[in-house]
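All heavy atoms count here, side chains included; hydrogens, waters and symmetry mates do not. Order of the sequence lines sets the chain letters (A, B, ...), proteins ahead of strands, with each chain counted from 1.
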2 protein chains.
Amino acid sequence: MKVLIVHAHPEPQSFTASMQCHAVETLQAHGHEVMVSDLYAMNWNPVASATDFGVRKNSDYLVYALEQRENVAAGAIAPDIRTELDKLLVCDLIIFSFPLFWCSVPAIMKGWLDRVLVSGKVYGGQRFYDRGGMRGKRALLAYTCGGRDFMFDAHGVHGEMDLMLRHMLRGTLGYAGFDVLPSFVAYHVPYITPGEREAMLGRYGDYLTKLDQLKPLSFPSLDDFDAEMAPRVRDPQVTEQN
Amino acid sequence: MKVLIVHAHPEPQSFTASMQCHAVETLQAHGHEVMVSDLYAMNWNPVASATDFGVRKNSDYLVYALEQRENVAAGAIAPDIRTELDKLLVCDLIIFSFPLFWCSVPAIMKGWLDRVLVSGKVYGGQRFYDRGGMRGKRALLAYTCGGRDFMFDAHGVHGEMDLMLRHMLRGTLGYAGFDVLPSFVAYHVPYITPGEREAMLGRYGDYLTKLDQLKPLSFPSLDDFDAEMAPRVRDPQVTEQN
(Lines give C-alpha, C1' and ligand atoms only; values in the text may rest on other atoms or scores of the structure.)
Protein backbone atom coordinates (compact mmCIF):
# COMPACT_ATOMS: atom_id res chain seq x y z
CA MET A 1 0.00 0.00 0.00
CA LYS A 2 1.21 3.51 -0.82
CA VAL A 3 0.41 5.96 1.97
CA LEU A 4 0.55 9.75 1.85
CA ILE A 5 0.70 11.54 5.20
CA VAL A 6 -0.12 15.24 5.00
CA HIS A 7 1.10 16.71 8.27
CA ALA A 8 0.87 20.21 9.71
CA HIS A 9 1.97 21.40 13.14
CA PRO A 10 3.94 24.57 13.94
CA GLU A 11 6.04 22.77 16.60
CA PRO A 12 8.30 19.97 15.26
CA GLN A 13 8.57 18.42 18.75
CA SER A 14 4.79 18.26 19.24
CA PHE A 15 2.89 15.12 20.15
CA THR A 16 1.15 15.43 16.78
CA ALA A 17 4.61 15.20 15.16
CA SER A 18 5.36 12.11 17.30
CA MET A 19 2.16 10.57 16.00
CA GLN A 20 3.24 11.31 12.44
CA CYS A 21 6.67 9.71 13.00
CA HIS A 22 5.07 6.71 14.70
CA ALA A 23 2.75 6.31 11.72
CA VAL A 24 5.69 6.30 9.30
CA GLU A 25 7.56 3.67 11.34
CA THR A 26 4.51 1.48 11.88
CA LEU A 27 3.37 1.56 8.27
CA GLN A 28 6.90 0.95 6.92
CA ALA A 29 7.36 -1.95 9.36
CA HIS A 30 4.24 -3.48 7.82
CA GLY A 31 5.69 -3.21 4.33
CA HIS A 32 3.90 -0.10 3.15
CA GLU A 33 5.51 2.73 1.18
CA VAL A 34 5.08 6.07 2.96
CA MET A 35 5.30 9.58 1.55
CA VAL A 36 5.16 12.57 3.92
CA SER A 37 4.16 16.13 3.10
CA ASP A 38 5.19 18.08 6.20
CA LEU A 39 3.58 21.40 5.33
CA TYR A 40 5.35 23.63 7.87
CA ALA A 41 8.73 22.09 6.99
CA MET A 42 7.97 22.59 3.28
CA ASN A 43 6.90 26.19 3.88
CA TRP A 44 3.76 25.29 1.93
CA ASN A 45 1.90 28.21 0.37
CA PRO A 46 -1.76 27.85 1.39
CA VAL A 47 -3.21 30.72 -0.65
CA ALA A 48 -5.17 29.77 -3.78
CA SER A 49 -4.52 32.51 -6.33
CA ALA A 50 -3.92 33.36 -9.97
CA THR A 51 -0.20 32.69 -9.51
CA ASP A 52 -1.05 28.96 -9.38
CA PHE A 53 -1.62 28.97 -13.13
CA GLY A 54 0.89 29.08 -15.99
CA VAL A 55 -1.82 29.51 -18.59
CA ARG A 56 -5.24 31.11 -18.32
CA LYS A 57 -8.50 30.12 -19.93
CA ASN A 58 -9.75 33.56 -18.97
CA SER A 59 -7.05 36.05 -18.08
CA ASP A 60 -9.57 38.80 -17.22
CA TYR A 61 -11.57 36.97 -14.58
CA LEU A 62 -10.34 34.19 -12.30
CA VAL A 63 -12.60 31.20 -11.77
CA TYR A 64 -10.23 29.11 -9.68
CA ALA A 65 -11.77 25.67 -10.37
CA LEU A 66 -11.94 26.24 -14.13
CA GLU A 67 -8.28 27.27 -14.27
CA GLN A 68 -7.33 24.24 -12.17
CA ARG A 69 -8.90 21.98 -14.78
CA GLU A 70 -7.31 23.89 -17.66
CA ASN A 71 -3.86 24.06 -16.08
CA VAL A 72 -3.69 20.42 -14.96
CA ALA A 73 -4.64 19.36 -18.49
CA ALA A 74 -2.07 21.75 -20.03
CA GLY A 75 0.69 20.75 -17.60
CA ALA A 76 0.82 24.37 -16.45
CA ILE A 77 -0.27 24.13 -12.81
CA ALA A 78 2.21 25.49 -10.22
CA PRO A 79 5.03 22.99 -9.54
CA ASP A 80 4.31 22.77 -5.80
CA ILE A 81 0.71 21.76 -6.54
CA ARG A 82 1.81 19.30 -9.26
CA THR A 83 4.19 17.56 -6.84
CA GLU A 84 1.45 17.10 -4.25
CA LEU A 85 -1.10 16.06 -6.85
CA ASP A 86 1.25 13.33 -8.09
CA LYS A 87 1.55 11.97 -4.54
CA LEU A 88 -2.23 12.10 -4.13
CA LEU A 89 -2.92 10.31 -7.40
CA VAL A 90 -0.62 7.36 -6.64
CA CYS A 91 -1.53 6.85 -2.99
CA ASP A 92 -3.95 4.19 -1.76
CA LEU A 93 -4.44 5.85 1.62
CA ILE A 94 -4.12 9.47 2.69
CA ILE A 95 -3.71 10.45 6.34
CA PHE A 96 -4.25 14.01 7.52
CA SER A 97 -2.16 14.58 10.66
CA PHE A 98 -2.86 17.83 12.53
CA PRO A 99 -3.88 19.58 15.73
CA LEU A 100 -7.50 20.73 15.75
CA PHE A 101 -7.57 24.52 15.18
CA TRP A 102 -11.10 25.94 15.52
CA CYS A 103 -12.74 22.55 14.95
CA SER A 104 -10.93 22.17 11.63
CA VAL A 105 -7.47 21.85 10.11
CA PRO A 106 -4.83 24.59 10.46
CA ALA A 107 -4.93 27.13 7.62
CA ILE A 108 -1.76 25.75 6.04
CA MET A 109 -3.52 22.39 5.62
CA LYS A 110 -6.76 23.99 4.43
CA GLY A 111 -4.63 25.54 1.70
CA TRP A 112 -3.37 22.09 0.71
CA LEU A 113 -6.99 21.04 0.20
CA ASP A 114 -7.91 24.25 -1.64
CA ARG A 115 -4.96 24.00 -4.06
CA VAL A 116 -4.31 20.26 -4.49
CA LEU A 117 -7.83 18.80 -4.66
CA VAL A 118 -8.17 20.06 -8.20
CA SER A 119 -11.31 20.19 -10.26
CA GLY A 120 -11.15 17.72 -13.12
CA LYS A 121 -9.10 15.07 -11.35
CA VAL A 122 -10.64 14.98 -7.89
CA TYR A 123 -14.20 16.04 -8.71
CA GLY A 124 -16.13 17.85 -11.40
CA GLY A 125 -19.48 17.71 -13.13
CA GLN A 126 -21.44 15.05 -11.30
CA ARG A 127 -18.42 13.12 -10.11
CA PHE A 128 -18.67 13.28 -6.33
CA TYR A 129 -19.45 10.97 -3.39
CA ASP A 130 -19.57 7.43 -4.85
CA ARG A 131 -18.70 8.83 -8.28
CA GLY A 132 -15.87 11.07 -7.03
CA GLY A 133 -12.42 11.04 -8.59
CA MET A 134 -10.76 9.54 -5.49
CA ARG A 135 -12.92 6.38 -5.62
CA GLY A 136 -10.93 3.34 -4.53
CA LYS A 137 -8.64 5.30 -2.21
CA ARG A 138 -9.02 5.51 1.55
CA ALA A 139 -8.63 8.59 3.74
CA LEU A 140 -8.53 9.24 7.47
CA LEU A 141 -8.01 12.08 9.92
CA ALA A 142 -5.54 11.62 12.80
CA TYR A 143 -5.67 14.65 15.05
CA THR A 144 -4.98 15.97 18.50
CA CYS A 145 -7.11 18.28 20.60
CA GLY A 146 -7.16 19.86 24.02
CA GLY A 147 -10.71 18.88 24.95
CA ARG A 148 -11.75 15.64 26.63
CA ASP A 149 -13.57 12.90 24.73
CA PHE A 150 -16.86 13.25 26.65
CA MET A 151 -17.06 16.92 25.61
CA PHE A 152 -17.44 15.69 22.03
CA ASP A 153 -20.07 13.00 22.39
CA ALA A 154 -23.77 13.40 21.65
CA HIS A 155 -24.49 14.72 25.16
CA GLY A 156 -21.25 16.64 25.51
CA VAL A 157 -20.95 20.41 25.50
CA HIS A 158 -19.76 20.49 21.87
CA GLY A 159 -21.89 17.65 20.50
CA GLU A 160 -20.45 14.89 18.34
CA MET A 161 -16.96 15.46 17.02
CA ASP A 162 -17.79 13.92 13.63
CA LEU A 163 -20.47 16.59 13.20
CA MET A 164 -17.91 19.33 13.92
CA LEU A 165 -15.66 17.71 11.29
CA ARG A 166 -18.46 17.11 8.80
CA HIS A 167 -17.02 19.68 6.38
CA MET A 168 -13.86 17.53 6.21
CA LEU A 169 -15.28 14.01 6.53
CA ARG A 170 -18.26 14.42 4.24
CA GLY A 171 -17.93 17.81 2.52
CA THR A 172 -14.34 17.22 1.43
CA LEU A 173 -13.15 13.60 1.65
CA GLY A 174 -16.50 11.86 1.15
CA TYR A 175 -17.37 14.30 -1.63
CA ALA A 176 -14.08 13.55 -3.40
CA GLY A 177 -14.97 9.85 -3.41
CA PHE A 178 -12.59 8.54 -0.73
CA ASP A 179 -13.61 5.70 1.55
CA VAL A 180 -13.37 7.72 4.76
CA LEU A 181 -12.32 5.65 7.77
CA PRO A 182 -13.28 6.56 11.35
CA SER A 183 -10.84 9.18 12.67
CA PHE A 184 -8.15 8.62 15.28
CA VAL A 185 -8.57 11.40 17.82
CA ALA A 186 -6.04 12.05 20.58
CA TYR A 187 -7.97 13.97 23.24
CA HIS A 188 -6.72 16.16 26.08
CA VAL A 189 -3.15 16.05 24.75
CA PRO A 190 -1.70 19.16 26.46
CA TYR A 191 -2.74 17.86 29.87
CA ILE A 192 -1.78 14.18 29.89
CA THR A 193 1.35 12.52 31.29
CA PRO A 194 4.26 11.19 29.22
CA GLY A 195 3.08 7.67 30.09
CA GLU A 196 -0.41 8.43 28.80
CA ARG A 197 1.13 9.83 25.63
CA GLU A 198 3.11 6.61 25.12
CA ALA A 199 -0.06 4.59 25.57
CA MET A 200 -1.85 6.84 23.05
CA LEU A 201 0.92 6.32 20.49
CA GLY A 202 0.53 2.59 21.04
CA ARG A 203 -3.19 2.79 20.38
CA TYR A 204 -2.51 4.83 17.22
CA GLY A 205 -0.09 2.16 15.99
CA ASP A 206 -2.67 -0.58 16.64
CA TYR A 207 -5.31 1.43 14.82
CA LEU A 208 -3.05 1.85 11.78
CA THR A 209 -2.35 -1.88 11.56
CA LYS A 210 -6.05 -2.76 11.69
CA LEU A 211 -7.50 -0.36 9.15
CA ASP A 212 -9.04 -3.24 7.18
CA GLN A 213 -11.30 -3.95 10.14
CA LEU A 214 -12.76 -0.43 10.11
CA LYS A 215 -16.04 0.26 8.38
CA PRO A 216 -15.91 3.44 6.26
CA LEU A 217 -18.33 6.24 7.11
CA SER A 218 -21.59 6.23 5.23
CA PHE A 219 -22.36 8.93 2.66
CA PRO A 220 -25.06 9.34 0.02
CA SER A 221 -25.00 7.42 -3.23
CA LEU A 222 -25.70 9.47 -6.32
CA ASP A 223 -27.88 6.57 -7.46
CA ASP A 224 -30.44 8.00 -5.03
CA PHE A 225 -30.54 11.34 -6.83
CA ASP A 226 -31.57 12.28 -10.35
CA ALA A 227 -29.49 14.26 -12.86
CA GLU A 228 -30.72 17.52 -11.29
CA MET A 229 -29.68 16.20 -7.84
CA ALA A 230 -33.27 15.94 -6.68
CA PRO A 231 -33.78 12.93 -4.38
CA ARG A 232 -35.29 9.99 -6.27
CA VAL A 233 -36.90 8.74 -3.07
CA ARG A 234 -37.46 10.84 0.00
CA ASP A 235 -35.56 8.55 2.33
CA PRO A 236 -35.27 9.97 5.85
CA GLN A 237 -32.10 7.92 6.37
CA VAL A 238 -30.23 10.28 4.09
CA THR A 239 -30.34 13.01 6.71
CA GLU A 240 -28.91 10.71 9.36
CA GLN A 241 -25.67 10.03 7.56
CA ASN A 242 -22.41 11.76 8.41
CA MET B 1 -22.90 50.14 15.05
CA LYS B 2 -19.28 49.38 14.16
CA VAL B 3 -19.06 46.62 11.56
CA LEU B 4 -15.97 44.63 10.55
CA ILE B 5 -16.17 42.82 7.21
CA VAL B 6 -13.50 40.16 6.76
CA HIS B 7 -13.48 39.39 3.06
CA ALA B 8 -11.53 36.85 1.02
CA HIS B 9 -11.85 36.09 -2.68
CA PRO B 10 -9.01 35.63 -5.18
CA GLU B 11 -10.91 37.53 -7.91
CA PRO B 12 -11.54 41.25 -7.13
CA GLN B 13 -14.35 41.37 -9.74
CA SER B 14 -16.19 38.37 -8.25
CA PHE B 15 -19.83 38.41 -7.20
CA THR B 16 -18.62 37.79 -3.64
CA ALA B 17 -16.66 41.07 -3.94
CA SER B 18 -19.81 42.81 -5.22
CA MET B 19 -21.64 41.53 -2.16
CA GLN B 20 -18.89 42.92 0.04
CA CYS B 21 -19.09 46.34 -1.65
CA HIS B 22 -22.87 46.32 -1.44
CA ALA B 23 -22.62 45.55 2.27
CA VAL B 24 -20.31 48.52 2.83
CA GLU B 25 -22.64 50.90 0.94
CA THR B 26 -25.80 49.60 2.59
CA LEU B 27 -24.41 49.67 6.11
CA GLN B 28 -22.86 53.12 5.69
CA ALA B 29 -26.13 54.44 4.24
CA HIS B 30 -27.79 53.28 7.46
CA GLY B 31 -25.30 55.23 9.57
CA HIS B 32 -22.99 52.42 10.57
CA GLU B 33 -19.21 52.63 10.62
CA VAL B 34 -17.63 49.94 8.43
CA MET B 35 -14.10 48.53 8.53
CA VAL B 36 -13.01 46.08 5.81
CA SER B 37 -10.20 43.53 6.01
CA ASP B 38 -9.79 42.39 2.41
CA LEU B 39 -7.41 39.50 3.01
CA TYR B 40 -6.22 38.94 -0.58
CA ALA B 41 -5.68 42.68 -1.09
CA MET B 42 -3.76 42.82 2.22
CA ASN B 43 -1.66 39.81 1.25
CA TRP B 44 -2.64 38.40 4.65
CA ASN B 45 -0.33 35.72 6.06
CA PRO B 46 -2.54 32.79 7.10
CA VAL B 47 0.13 30.60 8.71
CA ALA B 48 0.16 30.47 12.52
CA SER B 49 3.80 30.14 13.56
CA ALA B 50 6.48 31.13 16.05
CA THR B 51 7.18 34.29 14.04
CA ASP B 52 3.87 35.68 15.37
CA PHE B 53 5.49 36.25 18.76
CA GLY B 54 7.94 38.94 19.85
CA VAL B 55 8.50 37.30 23.22
CA ARG B 56 8.28 33.65 24.24
CA LYS B 57 7.04 32.10 27.45
CA ASN B 58 8.78 28.93 26.33
CA SER B 59 11.33 29.40 23.58
CA ASP B 60 12.08 25.66 23.33
CA TYR B 61 8.58 24.39 22.62
CA LEU B 62 5.77 26.28 20.89
CA VAL B 63 2.28 26.05 22.37
CA TYR B 64 0.56 28.50 20.06
CA ALA B 65 -2.39 29.41 22.33
CA LEU B 66 -0.17 29.99 25.37
CA GLU B 67 2.12 32.31 23.42
CA GLN B 68 -0.90 34.17 22.05
CA ARG B 69 -1.99 34.94 25.59
CA GLU B 70 1.52 35.89 26.68
CA ASN B 71 2.22 38.07 23.64
CA VAL B 72 -1.08 39.93 23.63
CA ALA B 73 -0.56 40.75 27.31
CA ALA B 74 3.04 41.85 26.67
CA GLY B 75 2.15 43.90 23.57
CA ALA B 76 4.47 41.67 21.56
CA ILE B 77 2.06 39.93 19.16
CA ALA B 78 2.83 40.39 15.44
CA PRO B 79 1.65 43.82 14.18
CA ASP B 80 -0.63 42.33 11.49
CA ILE B 81 -2.46 40.31 14.15
CA ARG B 82 -2.62 43.30 16.52
CA THR B 83 -4.23 45.46 13.82
CA GLU B 84 -6.92 42.87 13.15
CA LEU B 85 -7.45 42.17 16.84
CA ASP B 86 -8.05 45.88 17.46
CA LYS B 87 -10.74 45.90 14.75
CA LEU B 88 -12.31 42.78 16.21
CA LEU B 89 -12.38 44.13 19.75
CA VAL B 90 -14.14 47.39 18.81
CA CYS B 91 -16.69 45.95 16.38
CA ASP B 92 -20.31 45.23 17.26
CA LEU B 93 -20.86 42.98 14.25
CA ILE B 94 -18.42 40.91 12.22
CA ILE B 95 -19.29 39.68 8.73
CA PHE B 96 -17.29 36.93 7.03
CA SER B 97 -17.58 37.37 3.26
CA PHE B 98 -16.23 34.49 1.17
CA PRO B 99 -16.83 31.84 -1.47
CA LEU B 100 -17.34 28.36 -0.05
CA PHE B 101 -14.14 26.32 -0.58
CA TRP B 102 -14.56 22.67 0.47
CA CYS B 103 -17.55 23.46 2.68
CA SER B 104 -15.53 25.99 4.65
CA VAL B 105 -13.70 29.30 4.31
CA PRO B 106 -10.70 29.74 1.97
CA ALA B 107 -7.37 29.00 3.68
CA ILE B 108 -6.43 32.69 3.81
CA MET B 109 -9.54 33.31 5.95
CA LYS B 110 -8.97 30.21 8.08
CA GLY B 111 -5.60 31.75 8.87
CA TRP B 112 -7.31 34.93 10.02
CA LEU B 113 -9.31 32.85 12.51
CA ASP B 114 -6.26 30.84 13.61
CA ARG B 115 -4.12 33.94 14.20
CA VAL B 116 -6.59 36.66 15.29
CA LEU B 117 -9.01 34.79 17.56
CA VAL B 118 -6.44 34.78 20.32
CA SER B 119 -6.54 32.82 23.52
CA GLY B 120 -7.00 35.11 26.48
CA LYS B 121 -9.14 37.72 24.74
CA VAL B 122 -11.50 35.61 22.65
CA TYR B 123 -11.67 32.45 24.78
CA GLY B 124 -9.68 30.66 27.44
CA GLY B 125 -10.26 28.61 30.55
CA GLN B 126 -13.98 28.09 30.74
CA ARG B 127 -14.88 31.20 28.79
CA PHE B 128 -16.70 29.87 25.75
CA TYR B 129 -20.24 29.76 24.32
CA ASP B 130 -22.35 32.03 26.56
CA ARG B 131 -19.22 32.88 28.58
CA GLY B 132 -16.99 33.49 25.53
CA GLY B 133 -14.91 36.63 25.17
CA MET B 134 -16.96 37.90 22.21
CA ARG B 135 -20.21 38.06 24.22
CA GLY B 136 -22.34 41.01 23.20
CA LYS B 137 -21.03 41.06 19.63
CA ARG B 138 -22.86 39.61 16.64
CA ALA B 139 -21.39 37.59 13.78
CA LEU B 140 -22.65 36.27 10.48
CA LEU B 141 -21.44 34.43 7.41
CA ALA B 142 -22.24 35.81 3.95
CA TYR B 143 -21.03 33.39 1.32
CA THR B 144 -21.42 32.25 -2.23
CA CYS B 145 -21.47 28.71 -3.57
CA GLY B 146 -21.94 26.84 -6.82
CA GLY B 147 -24.55 24.35 -5.59
CA ARG B 148 -28.29 24.90 -5.55
CA ASP B 149 -30.22 25.53 -2.35
CA PHE B 150 -32.15 22.24 -2.44
CA MET B 151 -28.86 20.32 -2.49
CA PHE B 152 -28.23 21.70 0.99
CA ASP B 153 -31.52 21.04 2.73
CA ALA B 154 -32.28 18.13 5.03
CA HIS B 155 -33.24 15.86 2.12
CA GLY B 156 -30.65 17.23 -0.29
CA VAL B 157 -27.58 15.35 -1.46
CA HIS B 158 -25.29 17.23 0.93
CA GLY B 159 -27.68 17.54 3.89
CA GLU B 160 -28.22 20.81 5.75
CA MET B 161 -25.77 23.58 4.97
CA ASP B 162 -25.64 24.72 8.61
CA LEU B 163 -24.38 21.24 9.55
CA MET B 164 -21.59 21.52 6.96
CA LEU B 165 -20.72 24.90 8.45
CA ARG B 166 -21.05 23.73 12.06
CA HIS B 167 -17.31 24.08 12.66
CA MET B 168 -17.66 27.80 11.85
CA LEU B 169 -21.12 28.59 13.24
CA ARG B 170 -20.83 26.67 16.48
CA GLY B 171 -17.22 25.47 16.80
CA THR B 172 -15.75 28.91 16.12
CA LEU B 173 -18.22 31.81 16.35
CA GLY B 174 -20.63 30.30 18.88
CA TYR B 175 -17.70 29.01 20.94
CA ALA B 176 -16.15 32.49 21.00
CA GLY B 177 -19.38 33.88 22.45
CA PHE B 178 -20.78 35.75 19.45
CA ASP B 179 -24.50 35.92 18.83
CA VAL B 180 -24.40 34.10 15.49
CA LEU B 181 -27.08 35.26 13.06
CA PRO B 182 -28.50 33.02 10.33
CA SER B 183 -26.15 33.09 7.33
CA PHE B 184 -26.82 34.79 4.00
CA VAL B 185 -26.06 32.20 1.33
CA ALA B 186 -25.91 33.06 -2.36
CA TYR B 187 -26.48 29.75 -4.16
CA HIS B 188 -25.66 28.71 -7.71
CA VAL B 189 -23.71 31.92 -8.32
CA PRO B 190 -21.55 30.85 -11.30
CA TYR B 191 -24.64 29.82 -13.27
CA ILE B 192 -27.14 32.62 -12.73
CA THR B 193 -27.91 35.61 -14.95
CA PRO B 194 -26.81 39.22 -14.29
CA GLY B 195 -30.44 40.00 -13.47
CA GLU B 196 -30.57 37.22 -10.91
CA ARG B 197 -27.32 38.50 -9.43
CA GLU B 198 -28.82 41.98 -9.08
CA ALA B 199 -31.84 40.52 -7.33
CA MET B 200 -29.57 38.57 -5.02
CA LEU B 201 -27.64 41.72 -4.11
CA GLY B 202 -30.97 43.36 -3.35
CA ARG B 203 -31.91 40.51 -1.03
CA TYR B 204 -28.54 40.77 0.68
CA GLY B 205 -29.05 44.50 1.26
CA ASP B 206 -32.52 43.84 2.73
CA TYR B 207 -31.10 41.15 4.97
CA LEU B 208 -28.40 43.52 6.27
CA THR B 209 -30.93 46.21 7.14
CA LYS B 210 -33.12 43.78 9.08
CA LEU B 211 -30.56 42.00 11.24
CA ASP B 212 -32.45 42.97 14.40
CA GLN B 213 -35.33 40.80 13.24
CA LEU B 214 -33.15 37.68 13.01
CA LYS B 215 -33.04 35.22 15.87
CA PRO B 216 -29.47 34.10 16.68
CA LEU B 217 -28.64 30.42 16.39
CA SER B 218 -29.00 28.38 19.55
CA PHE B 219 -25.93 26.97 21.31
CA PRO B 220 -25.36 25.36 24.69
CA SER B 221 -25.26 27.38 27.88
CA LEU B 222 -22.42 26.54 30.22
CA ASP B 223 -24.97 26.78 33.02
CA ASP B 224 -26.05 23.30 31.89
CA PHE B 225 -22.58 21.84 32.49
CA ASP B 226 -20.54 21.49 35.65
CA ALA B 227 -16.95 22.68 36.17
CA GLU B 228 -15.63 19.47 34.56
CA MET B 229 -17.96 20.07 31.57
CA ALA B 230 -20.12 17.10 32.43
CA PRO B 231 -23.79 17.75 31.60
CA ARG B 232 -25.74 18.76 34.71
CA VAL B 233 -28.90 17.30 33.21
CA ARG B 234 -28.93 14.85 30.31
CA ASP B 235 -31.15 16.92 28.10
CA PRO B 236 -31.57 15.40 24.63
CA GLN B 237 -32.32 18.88 23.22
CA VAL B 238 -28.64 19.77 23.51
CA THR B 239 -27.79 17.44 20.65
CA GLU B 240 -30.36 19.07 18.40
CA GLN B 241 -28.74 22.48 18.50
CA ASN B 242 -26.56 23.80 15.74
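Between A/Y64 and B/H9, every side-chain heavy-atom pair lies at or beyond the 4.5 Å cut-off. In this structure, A/R115 and B/F101 have side chains that are not in contact, with every pair of non-hydrogen atoms separated by 4.5 Å or more.
Summarising the geometry of B/A48 relative to A/Y40, their closest heavy-atom pair is O-OH, 2.5 Å, with the distance given to 0.1 Å. A/R170 and B/V157 make their closest contact through NH2-O, 2.8 Å (heavy atoms, listed as atom of the first residue, atom of the second, distance). Closest of all the heavy-atom pairs between A/G171 and B/C103 is CA-SG, 3.8 Å. Nearest approach of A/P10 to B/S49, heavy atoms of both residues: CB-CA, 4.4 Å. B/F128 and A/H158 get closest at one heavy-atom pair: CE1-CE1, 3.6 Å. Shown here for B/L62 and A/E11, the closest heavy-atom pair between the two residues is N-OE1, 2.6 Å.
The backbone N or O of B/W102 sits nowhere less than 3.5 Å from a side-chain atom of A/K110 that would complete a donor-acceptor pair.
For A/K121, the NZ atom sits in a loose shell: 12 or fewer heavy atoms of surrounding residues, nucleotides or ligands are nearer than 6.0 Å. No more than 12 heavy-atom neighbours from other residues, nucleotides or ligands sit within 6.0 angstrom of CD on A/E198. The environment of CG in A/N58 is crowded: more than 12 heavy-atom neighbours from other residues, nucleotides or ligands sit within 6.0 Å. Within a 6.0 Å radius of CG in B/D226, other residues, nucleotides and ligands contribute more than 12 heavy atoms.
Applying the side chain to side chain contact (heavy atoms under 4.5 Å, CB included) test between A/R166 and each of B/E160, B/M164, B/R166, B/H167 identifies B/M164 as the sole match.
Distance check, rounded to the nearest 0.5 Å: CG of B/D114 to OG of A/S104 gives 8.5 Å.
The greatest number of non-hydrogen atom pairs below 4.5 Å with chain A, out of B/P12, B/A230, B/S14, B/G111, is found for B/S14. Per-residue counts of heavy-atom pairs under 4.5 Å with chain A were compared for B/I108, B/T172, B/D60; the largest is that of B/T172.
Contact of B/F150 with chain A is made through the side chain alone, with heavy-atom distances under 4.5 Å. Contacts between B/L117 and chain A at a heavy-atom distance below 4.5 Å involve backbone atoms as well as side-chain atoms. Proximity to chain A (any heavy atom under 4.5 Å) is shown, for B/V63, by neither the backbone nor the side chain. Looking at B/M151, only its side chain comes within 4.5 Å of chain A, counting heavy atoms on both sides. Neither the backbone nor the side chain of B/A50 comes within contact range of chain A, judged by heavy atoms closer than 4.5 Å.
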